[in-house]
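Okay, structure first, notes after.
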Amino acid sequence: MTTYKLAVIGGTGPQGKGLAYRFATAGHTVIIGSRHTERAQVTAEEITVRLDGDAVHVSGADNATAADAADIVLLAVPFDGHAALVESLRAQLAAKVMISCVNPLGFDKRGPHGLDVADGSAAEEAQRLVPDAQLVGAFHHLSAVNLWNEAAELEHEDVLVCGDNTEAKAVAIDLARAICGRDGIDVGPLRLARQLEPLTAVLISVNKRYGVRSGLRLSGLDKH
Ligand SMILES: NC(=O)c1ccc[n+]([C@@H]2O[C@H](COP(=O)([O-])OP(=O)(O)OC[C@H]3O[C@@H](n4cnc5c(N)ncnc54)[C@H](OP(=O)(O)O)[C@@H]3O)[C@@H](O)[C@H]2O)c1
C-alpha cells in the first residue's frame, strides 16, 4: 500500500478531522492544519488518543507549515473564506496535489442548495488561484459524523473523484481505500466538480426528510 503525507487544511472542523482520522487509521501520515497552531495540535492529539497511540503519524501545525510539509493537501474549509485562504497559501500549494472536498452550499427556509460560484465550483476556484497545483475534487459526499464514528462502516459508499491530472486523481482514488475499502471512482474532468459539490445539498435534504445519514453508491461498476 502506498502511504501519503497529507496536510488537512481546516482539519480542526468535523469533515477534516473525520477524514484525517480515517487516513491516519489506514497508516497515512497526517498533519492537521489550522489558522491556530494550538487548535491543530489539540485535534491531532484527539485523533492520536482515539487510535490508542497507534497513530504516531498525526501532528498539528498552522496551515502554511502543514501545507509546506506535506506532499498532498486536502482542503476542508468552508466555501466562505475559501478563496482568501487558498490565496494566502499559494506559495505552499504550488505544484502540489490538492484535493478539495469543499461544498459551496447555502441554506434557507426551503433547505440546502448549491450556490452559484463564479469559477463554476470551489475546486475550479482553487485551481485558478494556484494554477500550477494539481487540483482534484473528492470526498464531498461523506458525512463528517460517519467519518468520526468508529463504528460506522463506510464500505457501502463510493468516493467520486474529478480532476484534469491523471496522476493527481490516482492519489485521491487510492486514498478512498482508507474510507470505503476500495478505489474511488474517476468520474471525469475537474469541471464536474460543478455537479459533485452541489449534489451534497440533495444528500442533506434527504437526511432531513428521512432522519438518516445518506451516502452515494454508483451502480453498474461491479464488473469493472
Ligand atoms: N461537515 C460535513 O459533514 C461535510 C461533508 C462533506 C463535505 N464537507 C465540506 O467540507 C468543508 C469543511 O466542512 P466542516 O463542516 O468541517 O467546516 P467547518 O467546521 O465550518 O470549518 C472547518 C475548519 O475550517 C477553518 N475555517 C473556518 N472558517 C475559515 C475561514 N474563513 N478561513 C480559513 N479557515 C476557516 C476552521 O479551522 P481553524 O479555525 O482551526 O482554522 C474550521 O475548524 C466544507 O467546505 C464542507 O462543505 C463537509
Side-chain angles (χ1 to χ4, degrees), residues 6-23 30-47 58-67 73-90 92-93 98-107 111-115 117 119 121-126 129 135-149 152 154 157-162 172 175-176 179-180 184 193-208 212-216:
L6 278 147
V8 182
I9 305 302
T12 56
Q15 186 69 357
K17 184 171 87 168
L19 286 167
Y21 163 59
R22 297 281 173 159
F23 294 143
V30 181
I31 311 159
I32 300 289
S34 167
R35 290 168 293 180
H36 311 282
T37 305
E38 254 182 50
R39 265 169 66 80
Q41 288 169 342
V42 167
T43 300
E45 179 61 17
E46 209 181 334
I47 296 170
V58 184
S59 58
D62 64 89
N63 284 327
T65 304
V73 179
L74 176 78
L75 291 172
V77 294
F79 182 62
D80 192 12
H82 168 261
L85 176 79
V86 172
E87 252 185 318
S88 75
L89 297 176
R90 198 178 263 161
Q92 292 79 16
L93 297 172
M98 267 167 81
I99 303 174
S100 172
C101 69
V102 175
N103 291 320
L105 300 181
F107 297 85
H113 57 98
L115 297 176
V117 178
D119 288 290
S121 64
E124 288 167 289
E125 180 176 89
L129 293 168
L135 243 299
V136 176
F139 307 112
H140 304 96
H141 309 121
L142 296 160
S143 144
V145 176
N146 282 342
L147 287 168
W148 184 244
N149 178 356
L154 296 172
E157 300 204 18
D158 277 323
V159 171
L160 307 187
V161 180
C162 66
L175 276 170
I179 292 156
C180 309
R194 298 174 195 190
Q195 278 67 46
L196 295 187
E197 293 172 2
L199 187 54
T200 307
V202 176
L203 298 180
I204 296 170
S205 181
V206 167
N207 293 351
K208 288 198 170 145
V212 296
R213 273 195 285 281
S214 58
L216 282 181

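Just follow the structure's listing: the first ligand is 1, and inside any ligand the first atom is 1.
The shortest N or O to N or O distance between R39 and ligand 1 is below 3.5 Å. Any N or O atom pair closer than 3.5 Å counts here, and F139 shares no such pair with ligand 1. Geometrically, ligand 1 and N103 share a nitrogen or oxygen pair separated by less than 3.5 Å.
Residues N103 and P198 have side chains not in contact (no heavy-atom distance under 4.5 Å, counting atoms from C-beta outward). Under the 4.5 Å side-chain criterion, counting only non-hydrogen atoms from C-beta, L105 is not in contact with L115. Residues T65 and I31 fail the side-chain proximity criterion, which asks for heavy atoms closer than 4.5 Å. Inter-residue side-chain proximity for F139 and L147 is flagged as unmet; no heavy-atom pair is nearer than 4.5 Å.
The protein atom (non-hydrogen) at minimum distance from atom 43 (O) of ligand 1 is T12 OG1, 2.8 Å. The nearest heavy-atom contact from the protein to atom 23 (C) of ligand 1 is G10 O, 3.5 Å.
Heavy-atom proximity to atom 44 (C) of ligand 1, evaluated over L75, V42, V77, I32, is greatest for V77. With distances taken over non-hydrogen atoms, the option nearest atom 22 (C) of ligand 1 out of A76, S143, G16 is A76. Among H36, R35, H140, the residue whose heavy atom lies closest to atom 6 (C) of ligand 1 is H140. For atom 15 (O) of ligand 1, the candidate residues are P14, A144, A40; the nearest heavy-atom contact is made by P14.
Looking at L142 against ligand 1, only its backbone comes within 4.0 Å, counting heavy atoms.
Residues R213 and N207 bring no donor and acceptor atom of their side chains to less than 3.5 Å of each other. Using modelled atom types, one finds no donor on one side chain facing an acceptor on the other under 3.5 Å when comparing H141 with E157.
The OG atom of S121 sits 8.5 Å away from atom CG of L135, with the distance rounded to the nearest 0.5 Å. Atom CG of residue N63 and atom OG of residue S88 lie 7.5 Å apart, to the nearest 0.5 angstrom.
Close contacts between ligand 1 and Q15 involve ligand atoms 2 (C), 3 (O), 4 (C), 5 (C), 6 (C), 7 (C), 8 (N), 10 (O), 12 (C), 13 (O), 16 (O), 48 (C) [criterion: under 4.0 Å to a heavy atom]. Shown in contact with G81 at under 4.0 Å from a heavy atom are these atoms of ligand 1, numbered in order with element: 31 (N). Short contacts between ligand 1 and P78, defined as distances under 4.0 Å to a heavy atom of the residue, involve ligand atoms 20 (O), 21 (O), 24 (O), 26 (N), 27 (C), 28 (N), 45 (O). The contact set between ligand 1 and S34, taken as ligand atoms under 4.0 Å from a residue heavy atom, comprises 38 (P), 40 (O), 41 (O). Interface of D80 with ligand 1, defined as ligand atoms under 4.0 Å from a residue heavy atom, comprises 31 (N). Close contacts between ligand 1 and C101 involve ligand atoms 7 (C), 8 (N), 9 (C), 10 (O) [criterion: under 4.0 Å to a heavy atom].
Closest of all the heavy-atom pairs between R22 and A152 is NH2-O, 3.1 Å.
The main-chain N or O of V202 is never found under 3.5 Å from a side-chain atom of S205 such that the two would form a donor-acceptor pair.
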